[in-house]
Amino acid sequence: MTGVWLLHVDLDQFFASVEVLRRPELRGRPVIVGGAGDPAQARAVVATASREAREFGVHSGMPIRMAARKCPDAVFLPMDMPAYQRASARVMETLRAFPVRLEVWGLDEAFVGGDIDDPQRLAADLKAAVLDEVGLTCAIGIGRNKNQAKIAARFAKKDPSGIATLTGETWMPVMGGRPVGELWGVGPKTVKKLEELGIETVADLAAAGLETLAPRFTPRAATWLVVIARGGGDTEVVTEPWVARSRSKEVTFDRDLTERTEIEEQVTALARALGAEVVAAGRRVIRVGVKVRTASFFTQTREAKLRDGPTTDPDVIAHAALTVLTKFELDRPVRLLGVRADLLVND
DNA sequence: TCTGGGGTCCTAGGACCC
DNA sequence: TCTGGGGTCCTAGGACCC
């Protein structure tokens with residue numbers, strides 16, 4: 001089984017694990033990271049729950065207050081992104097020391113690829129190195145492409161070894177009978193549309209002709225769906241660092257905003273903070289967008305290209321955000337405000 | 001217990017130009 | 001006066017992921 005393999009490395013309960021790492025007294029306890037770290041905080045959700053907290057039914061995306069009811073004895077902690085970034089960098093450095101190609105895929109994930117003789121052995125070595133050098137555990141999925149590796153990593157999470165493999169030979173026996181929603185990139189909306197076409201399982205989708213999918217999907221989307229259902233996927237490992245296309249800041253307020261001046265102040269503050277980060281990252285802004293979510297959860301975005309070209313000036317960004325803000329009615333209580341900057345790529 | 005924050009990519013319609 | 005297509009840019013929203 002030698003040849004080109006892809007491994008998907010997925011760190012376990014990343015934020016919670018990093019917290020435990022620097023506070024060993026938390027080991028073995030349910031740890032819940034999210035929001036301000038206050039179990040009574042409204043309008044905040046769980047970012048990561050430790051394995052112990054998950055046993056109480058707590059999971060990512062759950063409102064913090066519900067988590068607090070399910071697991072009142074948990075340790076609640078606020079997010080500390082700089083700490084997670086540092087831990088992530090150490091993990092990636094550890095992986096990069098192996099003779100493989102590495103594609104960093106977010107803070108807690110990476111693809112490893114190359115001409116690999118024994119992928120299971122490599123996976124075990126990678127896991128051991130990450131544990132020895134950083135103190136974190138991970139699951140590793142092995143496949144012939146990113147799709148297979150990514151899905152295999154899910155099985156790896158449930159396996160005591162923390163390693164699982166999917167290939168062209170095992171894909172359909174393993175995945176064929178499973179619901180299409182288990183595919184990577186197929187969410188609830190797509191599941192519904194496929195159901196309307198009588199397609200429920202991965203095998204159904206793999207066998208579907210493009211003409212079957214045509215009523216609900218563009219040719220491009222249909223083609224891609226069939227490819228992933230058959231276990232196909234991208235094999236390219238991009239080692240160059242990712243260049244962000246955009247950067248944004250948004251905040252959900254504890255209490256809704258009703259005063260226009262208050263809304264303008266908040267948008268200005270978000271835009272300036274965002275501008276400072278963008279400049280610190282050495283990037284230039286070409287477009288500014290604003291997001292408004294009302295108390296009823298109705299969400300709209302408005303945006304505008306900067307007429308005078310790319311900028312690094314926080315004043316220009318803030319002014320642009322306020323101009324975009326005038327495109328909104330703002331006649332309802334505002335729950336969330338966000339500002340997004342699209343960045344000049346290739347500069 | 002109402003539903004976070006930070007991203008990416010795709011699509012579709014209208015404007016505008018040739 | 002009416003009528004083509006094609007191409008690109010811009011904007012808004014949808015869908016998905018972690």
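Labels below follow one simple rule: chain letters A, B, ... track the order of the sequence lines, proteins then strands, and each chain is numbered from 1.
Residue A:Lys192 places no side-chain N or O under 4.0 Å from the OP1 or OP2 atom of C:dC16. At the phosphate of B:dC10, neither OP1 nor OP2 sits under 4.0 Å from any side-chain N or O atom of A:Trp224. Side-chain N/O atoms of A:Arg293 include one lying less than 4.0 angstrom from OP1 or OP2 on B:dG4. At B:dG6, none of the side-chain N or O atoms of A:Ser246 fall inside 4.0 Å of OP1 or OP2 (strictly under the cut-off). Distances shown here put a side-chain N or O of A:Arg65 below 4.0 Å from the OP1 or OP2 atom of B:dC2.
Rounded to a whole Å, the CZ atom of A:Arg43 is 9 Å from the P atom of B:dG4. We find that NZ of A:Lys146 is positioned 13 Å from C1' of B:dT8, with the value rounded to whole Å. Look at CG on A:Asp254: it is 10 Å from P on B:dG5, rounded to the nearest Å.
In terms of the side-chain contact (heavy atoms from CB on, under 4.5 Å) criterion, residue partners of A:Ala110 (sequence neighbours excluded) are, by chain and number, A:Met92, A:Leu95, A:Leu102.
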Query raised in the report: In dot-bracket, 5' to 3', how would DNA chain C read with Watson-Crick or G-U wobble pairs under 3.5 Å, [ ] for crossing ones and | for pairs to another strand?
Result: ....||||||||||||||
Query - Candidate pair A:Asp313 and A:Thr311, rule side-chain hydrogen bond (donor to acceptor under 3.5 Å, both in side chains), full reasoning - result: CA-CA 6 Å; A:Asp313 185 344; A:Thr311 189; 5.3 Å; no
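At a threshold of 4.0 angstrom between heavy atoms, the contacts of A:Leu183 are confined to the sugar-phosphate backbone, with no base atom among them. No engagement by A:Ala67 is indicated, since no non-hydrogen atom pair under 4.0 Å with the nucleic acid exists. Nucleic acid contact class of A:Ser60 (heavy atoms, under 4.0 Å, all strands): none. Within the nucleic acid shown, A:Val46 has no heavy atom closer than 4.0 Å to any nucleic acid atom. No contact: A:Leu107 has no heavy atom under 4.0 Å from any strand. Backbone-only contact: A:Gly185 has heavy atoms under 4.0 Å from sugar-phosphate atoms and none from a base. Note on A:Arg340: nothing from the nucleic acid sits closer than 4.0 angstrom, heavy atoms only. Using a 4.0 Å heavy-atom distance criterion, A:Lys193 is classed as making no nucleic acid contact.
With respect to the salt-bridge test (charged N to carboxylate O, under 4.0 angstrom), the residues A:Arg23 and A:Glu19 do not qualify. A:Glu103 has a carboxylate O that lies under 4.0 Å from a charged side-chain N of A:Lys146, or vice versa, which qualifies the two as a salt bridge. The residues A:Arg154 and A:Asp159 are annotated as not salt-bridged, no charged nitrogen and carboxylate oxygen being separated by less than 4.0 angstrom. Ion pairing between a basic and an acidic side chain is recognised when a charged N comes within 4.0 Å of a carboxylate O; A:Arg340 and A:Asp342 show such pairing. Salt-bridge formation is not detected for the pair A:Lys327/A:Glu303: no Lys NZ or Arg NE/NH1/NH2 atom is positioned less than 4.0 Å from an Asp or Glu carboxylate oxygen.
Here the CZ-OG1 distance, from A:Phe217 to A:Thr212, works out to 11.5 Å after rounding to the nearest 0.5 Å.
Checking A:Thr137 against A:Asp12 by side-chain atom types alone, a donor-acceptor pair falls below 3.5 Å.
As rounded to the nearest Å, C:dC18 and B:dT3 have P atoms that lie 23 Å from one another.
Counting only heavy atoms from C-beta on, A:Val45 has its side chain closest to B:dG4 among B:dG4, B:dG6, B:dT8. Comparing atom distances between the A:Arg335 side chain and each of B:dG5, B:dT3, B:dT1 picks out B:dT3 as nearest.
Relative to the six-membered ring of A:Trp171, A:Arg230 misses at least one condition, a distance below 6.0 Å or an angle of at most 45° to the axis.
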Can you pull every protein N or O that's under 3.5 Å from an N or O on nucleotides 11-14 of chain B?
{"residue": "B:dT11", "atom": "OP1", "partner": "A:Thr218", "partner atom": "OG1", "Å": "3.1"}

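The side-chain ring of A:Trp184 is not stacked on the base of C:dC17, judged by centre separation under 5.5 angstrom and plane angle under 30 degrees.
A syn base is found at B:dC2: its glycosidic angle is within 90° of 0.
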